[in-house]
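Please read all numbers here as calculations on a predicted model, not as lab measurements.
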Amino acid sequence: MNLSLMEKEALEAPHMLAKQFTANRPRLDELTTRLRTVKPIAAMTIARGSSDHAAMFAKYLLEIRAGIMTASAAPSVFTLYQRTLAVENCLVIGISQSGASPDIAEMMAAMRKAGAITVAFVNETNSELALAAEYCIPLHAGTEHAVAATKTYIATLGALIQFVALMTQDNELLNAITQLPDFLQQATQKDWSRAITEYLKVNNTYIIGRGFSFPTAAEAALKFKETANIHAEAFSGAELLHGPFALVAEHFPILFFAQEDESFSGMYDLMKCVGAMGARAMVAMPMRYHDLHEEPGLIQLPMPRSLHPVCDPLLIIQAFYCMVARLTLARGLNPDEPKNLTKVTKTW
């Protein structure tokens with residue numbers, strides 16, 4: 001099979017993540033030791049595009065696992081409106097593949113000058129963003145040529161998990177990430193051809209997640225739009241039954257991303273509700289204790305077994321990337337040449 005560049009790069013993620021976990025440990029030990037001393041009461045993320053989905057994942061990690069209130073920055077507050085923020089001793093995280101967006105780098109530099117502890121998670125370590133931050137955490141993803149980000153998104157989530165696990169001294173999570181590259185490799189081999197069949201001729205879909213899986217639902221929705229020319233919207237499982245539920249009808253495709261944690265019960269009820277309506281309810285969920293195969297109305301997409309609820313969204317998006325690259329080709333499009341898009345987007 002001739003693979004697209006997008007899929008080839010997605011398949012590099014397992015090896016890349018194993019390298020990253022080893023290479024970043026010393027600098028993350030230094031950073032997290034300082035943070036345990038300073039004990040920042042708030043954090044802010046600065047990012048756009050796929051990196052902003054990773055930033056949303058950072059919010060869930062920092063708030064749920066570390067108890068640090070986290071907000072997403074609006075760079076225009078600084079770049080357009082020229083307002084300063086009181087961020088002394090706060091944690092500020094900038095996320096970018098290229099590190100080349102001027103507004104992200106400018107805001108990071110301003111936050112550092114204002115006394116924040118600034119950290120850049122970036123693939124290009126000589127970029128403006130990397131140089132603007134006090135700490136640079138390399139993604140070690142290698143050059144990413146495809147316009148649609150894949151391995152850099154997975155690399156960012158992996159780096160964020162290791163960062164928070166070290167900061168909170170969470171040995172269970174640290175042990176889980178040692179196995180994550182192997183589990184990602186398993187995810188690349190799962191057959192999602194059923195999803196390709198379901199999406200081959202549709203133009204609209206929802207992707208539903210909650211908690212740690214919601215940022216990855218947002219990332220998947222972006223990839224549907226970028227590559228397969230499918231209008232996709234991501235919603236939290238807590239929001240679907242409000243306004244968006246008006247569009248749910250028989251045969252409407254809905255893709256659920258889930259993990260078995262406190263969010264599972266509500267998501268499970270929602271999946272059954274949608275399936276009972278006759279919608280095409282597809283579920284991607286690494287299993288720990290439950291098995292959905294006997295649930296009528298649900299299409300369960302194959303996944304590796306669950307590693308840890310925090311890590312499971314990485315397994316889901318790894319399998320999804322391979323599927324959507326193949327789906328795009330099946331729809332007669334080229335995932336490596338998405339319409340109107342370029343690899344690096346600069347915003348001022």
Side-chain angles (χ1 to χ4, degrees), residues 6 45 47-60 72 74 147-150 153 157 192 194-259 263 266-285 297-299 301 312-314 316-321 323-328 330-331 333 335 338-341 345:
M6 177 186 175
T45 61
R48 294 194 186 280
S50 288
S51 294
D52 200 35
H53 302 149
M56 193 194 316
F57 186 78
K59 173 183 173 67
Y60 281 103
S72 174
V147 173
T150 54
Y153 177 77
L157 266 57
W192 277 29
R194 178 67 183 272
I196 293 176
T197 300
E198 294 290 340
Y199 279 114
L200 192 58
K201 297 186 181 299
V202 303
N203 295 314
N204 300 282
T205 190
Y206 287 162
I207 303 93
I208 310 300
R210 194 163 188 191
F212 294 111
S213 61
F214 178 51
T216 290
E219 168 65 6
L222 176 63
K223 290 299 178 286
F224 267 133
K225 289 185 281 250
E226 278 184 324
T227 61
N229 201 25
I230 293 174
H231 177 235
E233 290 190 79
F235 291 101
S236 164
E239 297 295 332
L240 179 63
L241 293 180
H242 296 276
F245 205 61
L247 295 183
V248 177
E250 192 173 9
H251 304 304
F252 185 82
I254 302 182
L255 183 54
F256 288 90
F257 292 170
Q259 67 283 334
S263 68
M267 286 288 284
Y268 187 39
D269 289 343
L270 190 59
M271 295 171 197
K272 292 189 292 182
C273 173
V274 167
M277 294 176 63
R280 310 301 290 168
M282 291 164 276
V283 181
M285 187 178 81
L298 299 186
I299 302 168
L301 300 173
D312 288 348
L314 281 74
I316 295 170
I317 200 64
Q318 177 76 81
F320 174 86
Y321 282 149
M323 182 279 292
V324 78
R326 296 178 187 186
L327 169 66
T328 302
R331 286 169 65 91
L333 302 169
K339 186 179 178 181
N340 301 328
L341 299 179
T345 303

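- Checked against side chain to side chain donor-acceptor pair (under 3.5 Å), T227 has the following partners two or more places apart in sequence or in another chain: T328.
- What you find for P335 and A325 is that their closest heavy atoms are CG-O, 3.9 Å.
- Annotation: side chain to side chain donor-acceptor pair (under 3.5 Å) contacts of T45 (sequence neighbours excluded): none.
- Note that NE2 of H53 and CD1 of I317 are 10.0 Å apart. Values are rounded to the nearest 0.5 Å.
- Of the inter-residue distances, the one linking L157 atom CG with T216 atom OG1 reads 5.5 Å to the nearest 0.5 angstrom.
- Checked against side chain to side chain donor-acceptor pair (under 3.5 Å), Q318 has no partners two or more places apart in sequence or in another chain.
- Annotation for I316 and A284: closest pair CD1-O, 3.4 Å, computed over non-hydrogen atoms.
- Applying the salt bridge (Lys or Arg N to Asp or Glu O under 4.0 Å) test to pairs two or more places apart or on separate chains, those with a residue in residues 197-206 are R194-E198, E198-R280.
- Here the straight-line distance linking atom OG1 of T150 with atom CD of E219 works out to 9.0 Å at 0.5 Å rounding.
- With F235 as the fixed residue, the ring-ring contact (aromatic ring centres under 6.0 Å, His included) test singles out one of Y206, F214, F256, F257: Y206.
- In this structure, the side chain of K59 does not engage the main chain of S72 through any donor-acceptor pair within 3.5 Å.
- Here the shortest heavy-atom pairing between F57 and P313 reads CE1-CG, 4.4 Å.
- By the side-chain contact (heavy atoms from CB on, under 4.5 Å) test, A330 pairs with I196, L200, sequence neighbours left out.
- Side-chain polar atoms of K223 and S50 form a donor-acceptor pair below 3.5 angstrom.
- Legend: residues meeting side chain to side chain donor-acceptor pair (under 3.5 Å) with T205, ordered by chain and number and at least two apart, are Y199.
- Closest approach of L298 to K272, counting heavy atoms only: CD2-N, 4.3 Å.
- The shortest heavy-atom contact between A258 and S213 is CA-OG, 4.0 Å.
- S263 contributes atom OG, which lies 11.5 Å from atom CG of L270 (distance to the nearest 0.5 angstrom).
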